[in-house]
A.B. asks: 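Input: one structure, supplied below.
Please read all numbers here as calculations on a predicted model, not as lab measurements. Below, chains carry the letters A, B, ... as their sequence lines are ordered, and counting in each starts from 1.
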Amino acid sequence: MNPLKNNFRKILGVAALGLLAGVASAKNITLLNVSYDPTRELYKEINKSFISGWEAKHPGDKLTIQQSHGGSGKQARAVIDGLKADVVTLALAFDVGVLNTQAKLVPPDWDKQLKHNSAPYTSTIVFLVRKGNPKKIKDWNDLTRKGVSVITPNPKTSGGARWNYLAAWGYALRQPGGNEAKARDFVKALFKNVPVLDAGARGATTTFVQRGIGDVFLSWENEAYLAVNELGAGRFEIIYPSVSILAEPSVAVVEKVAKKKGTTEIAKAYLEFLYTEEGQEIAARHYYRPRSEKAFAKYKANFPDLKLFTIDEAFGGWTKAQKKHFDDGGEFDQIYVK
Amino acid sequence: MPSPISPAPAKNGPEVRQQTPRARMRDAVGEPPWMRRLLIGLAILLISVILLVPLAAVFHQAFAKGVDGYIAAITAPDTLSAIRLTLLACAIAVPFNVVFGVAAAWAIAKFDFKGKNFLITLIDIPFSVSPVIAGLVFILLFGAQGYFGEFLSEHDIQLVFAVPGIVLATIFVTFPFVARELIPVMQAQGTEEEEASISLGADGWKTFWRITLPNIKWGLLYGVVLCNARAMGEFGAVSVVSGHIRGETNTLPLHVEILYNEYDFSGAFAVASLLAFLAVITLIAKKFLERGVRAEIKAAENMVPEQGALHS
Amino acid sequence: MPFSFKKRSVLPGFGLTFGYTLFYLSLIVLIPIGALFLKSSTLTGSEFWATVTAPRVLASYRITFGAAFIAAFFNLFAGLLIAWVLARYEFKGKSILDALVDLPFALPTAVAGIALTTVFSVNGWLGKPLNALGIHVSYTPIGIIVAMIFISLPFMVRTVQPVLEDLEKELEEASATLGATRLQTFRRVILPVLTPSLFTGFALGFARALGEYGSIVFIAGNMPMKTEITPLLIITKLEQYQYAEATAIAAVTLIISFVLLLFINWVQWHNRRKYSL
């Protein structure tokens with residue numbers, strides 16, 4: 001009885017403290033990294049390395065790095081609405097950009113603050129198919145065939161899905177005689193083959209892997225490897241299409257928040273750590289394509305060659321792409337609304 | 001007059017076959033045995049398919065990695081901190097709603113005033129509002145872009161994406177439970193006992209503690225149990241205001257989703273089974289409390305005729 | 001404090017309890033909901049109208065209301081049957097059955113969602129045999145209906161059951177003595193008494209299903225125009241930073257639920273008066 005009672009008192013005590021809210025202790029440093037869905041495992045390892053390095057260099061500091069994951073757009077919105085993130089590591093530049101346009105949380109030139117457009121690692125979109133590739137899926141044009149069922153999350157709510165969509169559109173543009181009208185028809189035909197639109201990348205993976213729905217899953221390269229290696233060893237294969245998009249997941253220090261919390265320096269160091277050889281190797285181990293040539297060479301076997309186009313080349317940047325394709329009444333909505 | 005409340009269906013059972021005139025009459029108004037069996041069978045089938053199978057699935061999946069995996073999942077630090085946060089949110093939300101529920105039931109059940117239906121409907125709002133909207137309204141108020149956002153950030157007060165926001169959302173979704181449970185009980189009991197107590201010189205508080213509270217204790221407990229179950233299980237509203245910081249702002253239902261999204265399916269179901277287990281406990285407590293509530297209403301109804309006579 | 005709208009009473013505490021009720025109600029419910037309407041009013045009338053009547057939004061109303069209606073309709077029969085069996089018959093395991101009815105009240109919706117998805121997916125316990133019959137539940141409108149049936153079943157059972165238990169046997173006996181068949185007695189004697197509670201249960205379950213989110217997103221498939229429910233659409237709008245539009249749709253669903261609730265409370269109040277007089 002007594003311990004229960006004590007616990008209850010403790011809970012009430014914590015409750016009272018909780019209501020006082022927001023009083024952080026000064027000696028311990030806490031960073032909050034708000035990220036998108038598939039990066040949980042990556043940042044678990046990054047955090048561990050960074051913390052041990054930091055604490056070695058700054059004796060007496062006790063560093064904790066908290067993680068928050070979810071759909072990229074949802075996470076950006078939470079930060080805009082007041083989630084106190086020191087850094088964001090999101091799926092696409094657009095979601096970091098809105099932190100500037102909607103709430104001035106990052107400077108307008110946030111993407112120039114770090115090397116490579118503030119994207120320390122890249123990825124691309126590949127196909128995950130069932131073992132033996134029973135539907136003989138080789139390239140994007142196979143996805144519009146009758147009877148092929150395609151799994152992708154909803155581009156409205158998932159960053160990864162926007163890359164999927166744009167990769168398909170870009171492929172169609174690059175075909176002989178390709179133009180906007182043909183690309184529109186192609187993407188429309190592709191989404192006619194999509195039976196489920198999960199809200200996030202992780203939900204879509206579960207649909208494909210656990211529920212057994214669909215013949216091909218449009219996936220981040222790193223998620224595809226995770227599925228092949230850990231979720232269903234021997235049940236899936238990765239297919240590299242002839243061409244795909246260069247996905248650049250962006251990172252930024254949320255300056256307004258970090259300044260207030262006094263964590264600007266360490267937040268910057270944290271993101272710069274991603275560019276170090278150590279950080280690059282960790283990224284490569286988790287199947288993100290590193291920017292460092294050395295790390296790339298070391299894990300070359302994981303990253304087959306394929307032609308990659310950037311969003312700037314094919315769509316003139318994120319702001320344009322977002323407006324044309326994903327805003328309300330945009331190209332994506334037109335697929336479903338006649 | 002036979003008590004209309006007691007179900008007393010035991011006499012109706014197929015095994016009771018003594019042919020008293022009363023029993024013959026019962027047969028005349030009852031269904032033939034085959035029909036009875038068919039209906040019972042159908043009811044069991046429906047409940048099994050709709051309710052029991054999903055519950056069984058939770059426990060089945062929870063033990064997919066064996067007992068060790070199960071224990072590991074529910075004793076993981078993140079799970080424990082989710083349990084703590086859930087308990088904390090309940091420990092604040094439930095008492096708040098109990099105080100409100102008692103006050104509202106007193107005002108509504110013991111007095112007659114205009115617009116009572118409208119007031120009851122307002123109290124019902126959180127019950128039918130989509131949880132998503134419940135979370136959204138607090139973002140609109142207390143989010144950084146919200147109506148009080150600037151004020152809060154100037155004073156360094158963090159409500160949403162922190163524990164207070166989770167508590168607020170929990171209070172909102174469980175708002176009507178205690179009140180709605182107490183209003184009918186208090187209404188059935190009328191005002192006679194309290195009036196007697198007042199006329200004998202007791203003050204309002206004394207009357208409440210000595211007369212009303214003992215009369216409604218089962219109903220109150222029942223409301224608390226329902227309120228608590230709902231508070232622990234709330235997902236949609238809390239999800240909007242949580243921020244999903246591991247080990248800090250994740251409640252149990254959110255932690256289930258996180259584990260699920262980390263492909264730790266058996267872990268997700270293991271944590272879910274804690275909540276399902278809690279649901280089962282709630283059901284047992286509810287079953288037990290229901291008897292008390294019925295007795296309260298019954299006791300009250302036995303008094304009703306006299307009271308009616310007094311008033312008319 | 002004289003409350004002119006209130007009947008006189010010797011009991012104390014009306015001012016305090018009524019005042020506190022209004023205060024707490026305003027703080028927790030009315031002000032937040034007011035913020036919602038305030039935000040939606042930043043749209044002009046025509047923008048508001050365009051938002052809440054966009055084709056995808058209209059489709060989501062159709063899906064949400066349609067599925068909630070079908071679920072409530074299914075529960076009208078399933079709930080009546082279960083309530084009947086629980087109120088009238090005695091058999092082994094009845095109390096377990098009785099307790100199980102409340103499971104959806106107590107089980108968190110997210111847990112219900114993943115459990116239902118697991119059970120009804122193509123390789124699940126029920127999904128596999130159903131799939132063999134050509135019935136797809138997960139990721140179709142049927143999945144939405146199944147989830148809604150699950151969460152709203154107790155409302156029907158728990159509103160009808162007490163009425164059935166209170167039903168005076170004498171009426172049925174009289175009907176039987178007068179030569180009515182069992183079916184006639186049911187239709188002419190029992191059903192009219194049950195109708196208000198059936199209606200209330202239907203409306204309560206319907207209202208509950210309209211707002212449901214947690215369990216449905218897992219099983220629905222979330223296809224625009226096909227299996228996208230209104231609460232999901234609100235979330236989608238939010239994630240595109242369209243707060244005003246999101247609140248506009250939320251305001252519409254809120255008004256609909258409120259009118260429904262008001263109607264239910266009015267019917268209940270009306271019945272209480274009818275039967276207590």
A.B. asks: Heavy-atom cut-off 4.5 Å, strictly under: side chain, backbone, both or neither for A/Gln210 against chain B?
C.D. replies: side chain
A.B. asks: Nearest heavy-atom pair of B/Gln145 and A/Ile80: which atoms, and what distance?
C.D. replies: NE2-O, 3.2 Å
A.B. asks: Is the number of heavy atoms from other residues, nucleotides or ligands under 6.0 Å of B/Phe63 CZ greater than 12?
C.D. replies: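 Enclosed.
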A.B. asks: Look at A/Glu230, A/Arg77, A/Gln102, A/Lys260 and state which one has the largest set of heavy-atom pairs under 4.5 Å with chain B.
C.D. replies: A/Lys260
A.B. asks: What closest approach, in Å, do B/Gln158 and A/Leu83 show between heavy atoms, and which atom pair accounts for it?
C.D. replies: NE2-CA, 4.4 Å
A.B. asks: Check each atom of B/Ser153 against the heavy atoms of chain A and say whether the ones under 4.5 Å are side chain, backbone, both or neither.
C.D. replies: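 Both backbone and side chain.
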A.B. asks: How about CD on A/Glu45, more than 12 heavy atoms from neighbouring residues, nucleotides or ligands closer than 6.0 Å, or not?
C.D. replies: yes
A.B. asks: Can you name the residues of residues 131-143 of chain B that have some heavy atom under 4.5 Å away from a heavy atom in chain A?
C.D. replies: B/Ile139, B/Gly143
A.B. asks: Just so I know, are the side chains of B/Glu248 and A/Ser68 near enough to count as touching, which here means a heavy-atom distance under 4.5 Å?
C.D. replies: no
A.B. asks: Side chain from CB out, backbone as N, CA, C, O: work out which of these in A/Leu231 comes under 4.5 Å of a heavy atom of chain B, or both, or neither.
C.D. replies: side chain
A.B. asks: Select all residues of residues 256-271 of chain B having any heavy atom within less than 4.5 Å of some heavy atom of chain A, and report them by number, or 'none'.
C.D. replies: B/Ile258, B/Tyr260, B/Asn261, B/Glu262, B/Tyr263, B/Phe265
A.B. asks: Which region of A/Leu32, side chain (C-beta onward) or backbone (N, CA, C, O), has a non-hydrogen atom less than 4.5 Å from a non-hydrogen atom of chain B, or is it both or neither?
C.D. replies: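 Just its side chain gets close to chain B.
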A.B. asks: When you compare the side chain of A/Gln67 with that of B/Ile245, does any pair of heavy atoms fall below 4.5 Å?
C.D. replies: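 No, side chains not in contact.
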